[in-house]
S.K.: 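Before I ask anything, let me first share the structure, which is written out below as structure tokens.
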Amino acid sequence: MPIVKYPRATEPLWHEWDRKAQKCGLRHRVYAVNGDQYTGEWLDNLKHGKGTQLWKCSRAIYSGDWKFGKRDGYGSYSILDPVTKEYKKVYTGWWKNDRKCGHGSMLYPHGERYEGEWSGGLRSGWGRMYYRDGSIYDGQWLQDQPHGQGMLRLPNENRYEGCWKNGKKHGHGKFFYLRKGQLLEGIWAADIPKCGILIDFGRDEAPAPTQYPIPKV
């Protein structure tokens with residue numbers, strides 16, 4: 001009996017297209033429907049490895065590490081300056097699950113700057129903040145506010161060292177009035193000193209001491 005050869009079943013065309021569309025390992029440039037652009041490495045059709053994302057609407061750019069489609073690892077986030085038309089980095093540091101996490105530096109409008117730890121996209125941990133008026137806070141943070149132990153140095157060199165809660169002086173602390181040569185040590189509540197003792201501190205070296213020294217108790 002003669003052997004009949006049937007034509008070989010061909011693979012559906014969409015299978016071939018789907019196989020070719022799979023992005024894994026190599027660098028690819030892909031445009032989203034909304035115009036966003038990603039150039040970098042992939043794994044199982046997800047951004048994974050080194051890559052750069054450009055958002056069409058905001059013109060912002062992220063360049064760094066990715067993990068399963070999200071920013072994860074070390075990278076920088078830059079925005080387009082509307083005046084100079086040049087890109088400037090506003091955050092450089094570590095990310096986790098698409099949010100700032102770990103150590104990083106953030107540049108805010110008007111020149112304010114933060115250097116320190118982050119968690120879930122918020123300042124949390126130990127960090128230093130440089131404010132627009134020249135003040136510097138160096139200490140602990142929680143959910144984007146000073147919380148815990150920290151020191152605030154004012155532009156006139158006066159400073160507060162002590163406890164903070166929800167962004168305000170709260171608990172035991174010391175306020176150094178260096179221009180007057182005095183020290184207030186006591187208890188604060190919501191930025192207000194409630195009780196304490198005021199003593200002379202470096203009065204002889206102070207640039208503007210009070211007329212009379214504080215008598216000893």
Side-chain angles (χ1 to χ4, degrees), residues 9-138 140-147 166-167:
T10 59
E11 182 184 56
L13 192 58
W14 69 269
H15 279 185
E16 182 181 355
W17 291 343
D18 185 65
R19 186 173 61 253
K20 290 181 178 179
Q22 293 293 319
K23 298 175 286 296
C24 185
L26 300 178
R27 293 181 63 86
H28 296 270
R29 176 173 295 177
V30 176
Y31 294 87
V33 176
N34 62 3
D36 294 347
Q37 174 185 322
Y38 172 80
T39 304
E41 299 174 333
W42 297 79
L43 178 64
D44 296 333
N45 268 357
L46 294 174
K47 304 164 190 171
H48 192 91
K50 300 290 185 181
T52 300
Q53 170 88 16
L54 169 63
W55 287 271
K56 181 180 179 181
C57 183
S58 64
R59 304 305 298 170
I61 292 179
Y62 169 80
S63 182
D65 296 326
W66 296 79
K67 187 175 181 180
F68 301 118
K70 296 182 178 181
R71 291 170 289 186
D72 200 301
Y74 190 84
S76 62
Y77 181 81
S78 306
I79 61 173
L80 187 65
D81 191 301
V83 178
T84 63
K85 303 300 180 182
E86 295 180 352
Y87 278 96
K88 63 177 182 180
K89 293 181 180 180
V90 293
Y91 177 78
T92 302
W94 293 90
W95 302 73
K96 186 176 182 180
N97 199 28
D98 224 27
R99 294 184 178 183
K100 305 177 190 74
C101 188
H103 190 274
S105 300
M106 179 80 178
L107 179 64
Y108 294 87
H110 311 298
E112 294 187 332
R113 188 172 83 257
Y114 173 80
E115 299 175 356
E117 297 174 332
W118 299 76
S119 179
L122 301 176
R123 292 168 289 186
S124 293
W126 197 273
R128 179 178 295 173
M129 182 74 187
Y130 299 85
Y131 293 96
R132 183 181 182 182
D133 64 356
S135 301
I136 301 174
Y137 172 79
D138 191 355
Q140 293 176 301
W141 294 76
L142 181 65
Q143 295 184 349
D144 239 20
Q145 293 184 328
H147 190 99
N166 299 327

S.K.: Is it true that Asp65 and Arg71 have a side-chain N and a carboxylate O under 4.0 angstrom from each other?
M.R.: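 No salt bridge links Asp65 with Arg71.
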S.K.: If I compare all heavy atoms of Ser105 with all of Glu115, which pair ends up nearest, and what's the gap?
M.R.: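 Closest approach of Ser105 to Glu115: OG-CG, 3.8 Å.
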S.K.: Check whether more than 12 heavy atoms from other residues, nucleotides or ligands sit under 6.0 Å from atom CD of Gln143, and answer yes or no.
M.R.: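 Atom CD in Gln143 is not crowded, with 12 or fewer foreign heavy atoms closer than 6.0 Å.
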S.K.: Nearest heavy-atom pair of Ile79 and Tyr77: which atoms, and what distance?
M.R.: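 That would be CG2-CE2, 3.8 Å.
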S.K.: Do Trp95 and Cys101 touch side chain to side chain, with heavy atoms closer than 4.5 Å?
M.R.: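 With C-beta onward as the side chain, the pair stays apart.
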S.K.: Can any side-chain N or O of Asp133 pair as donor or acceptor with the backbone N or O of Ser135 at less than 3.5 Å?
M.R.: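 Yes; judged by distance alone, with no hydrogens or angles, the pair exists.
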S.K.: Going through the checks in order, is the side-chain hydrogen bond (donor to acceptor under 3.5 Å, both in side chains) test met by Ser76 and Thr92?
M.R.: CA-CA 4 Å; Ser76 62; Thr92 302; 5.1 Å; no
S.K.: Distance from Tyr130 atom OH to Tyr108 atom OH, nearest 0.5 Å?
M.R.: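 Between atom OH of Tyr130 and atom OH of Tyr108 there are 13.5 Å.
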S.K.: Rounded to the nearest 0.5 Å, how far does CD of Glu41 lie from NE2 of His28?
M.R.: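 Here the interatomic distance stands at 10.0 Å.
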S.K.: Out of curiosity, Leu54 CG to Tyr38 OH, how far, rounded to the nearest 0.5 Å?
M.R.: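 Going from CG on Leu54 over to OH on Tyr38, the span is 13.0 Å.
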S.K.: Can you list the residues that meet the side-chain contact (heavy atoms from CB on, under 4.5 Å) rule with Trp126, with sequence neighbours excluded?
M.R.: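 With sequence neighbours excluded, Trp126 shows a side-chain contact (heavy atoms from CB on, under 4.5 Å) to Glu117, Asp138, Gln140, given in chain and number order.
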S.K.: In Å and rounded to the nearest 0.5 Å, what is the CG to NZ distance from Leu43 to Lys67?
M.R.: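 Separation between the atoms: 11.0 Å.
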S.K.: List the residues meeting side-chain contact (heavy atoms from CB on, under 4.5 Å) with Arg132, not counting sequence neighbours, and say none if there are none.
M.R.: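 side-chain contact (heavy atoms from CB on, under 4.5 Å) list for Arg132, sorted by chain: His110, Glu112.
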S.K.: What do the steps show when you test Trp118 against Arg123 for side chain to side chain contact (heavy atoms under 4.5 Å, CB included), and what is the final call?
M.R.: CA-CA 4 Å; Trp118 299 76; Arg123 292 168 289 186; 3.8 Å; yes
S.K.: Out of curiosity, Lys47 NZ to Thr52 OG1, how far, rounded to the nearest 0.5 Å?
M.R.: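 Answer for the NZ-OG1 pair, Lys47 versus Thr52, is 11.0 Å.
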S.K.: Using the test side chain to side chain donor-acceptor pair (under 3.5 Å), find all partners of Asp81 that sit at least two apart in sequence or belong to another chain.
M.R.: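 So Asp81 forms no side chain to side chain donor-acceptor pair (under 3.5 Å) with any residue.
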S.K.: Decide yes or no on salt bridge (Lys or Arg N to Asp or Glu O under 4.0 Å) for Asp36 and Lys56, but give the supporting numbers first.
M.R.: CA-CA 5 Å; Asp36 294 347; Lys56 181 180 179 181; over 6 Å; no
S.K.: Please find the pair of heavy atoms, one from Ser124 and one from Ser119, that lie closest to each other, and give the distance.
M.R.: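 Looking at all heavy atoms of both residues, the shortest contact is CB-CB, 3.8 Å.
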S.K.: Which pair of non-hydrogen atoms, one from Tyr114 and one from Met129, has the smallest distance, and what is that distance?
M.R.: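 Reported closest heavy-atom pair: CB-SD, 3.5 Å.
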S.K.: Within this structure, what is the CD-CG distance for the pair Gln145 and Asn166, rounded to the nearest 0.5 Å?
M.R.: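 It is 5.5 Å, given to the nearest 0.5 Å.
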S.K.: When you measure from the side chain of Tyr87 to the backbone of Arg59, do you find a donor-acceptor pair of N or O atoms at a distance under 3.5 Å?
M.R.: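 Yes; at least one donor-acceptor contact below 3.5 Å.
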S.K.: Return yes if some donor-acceptor pair links the side-chain N/O of Tyr31 with the main-chain N/O of Asn34 below 3.5 Å, else return no.
M.R.: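 Flag not set: sc Tyr31 to bb Asn34 has no pair under 3.5 Å.
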S.K.: Over all heavy atoms of both residues, which pair between Lys89 and Ser78 is shortest? Give the atoms and the distance, please.
M.R.: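 Reported closest heavy-atom pair: CG-OG, 3.3 Å.
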S.K.: Describe, in one word, how the ring planes of His48 and Phe68 are oriented to each other, choosing from parallel (under 30°), tilted (30 to 60°) and perpendicular (over 60°).
M.R.: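 Answer is tilted, since the angle falls between 30° and 60°.
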S.K.: Between Lys96 and Asp72, does any NZ, NE, NH1 or NH2 come within less than 4.0 Å of an OD or OE carboxylate oxygen?
M.R.: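 Answer for the salt bridge query: no.
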S.K.: Which pair of heavy atoms, one from Trp66 and one from Gln53, lies closest together, and at what distance?
M.R.: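 Closest approach of Trp66 to Gln53, heavy atoms only: CZ2-CB, 3.6 Å.
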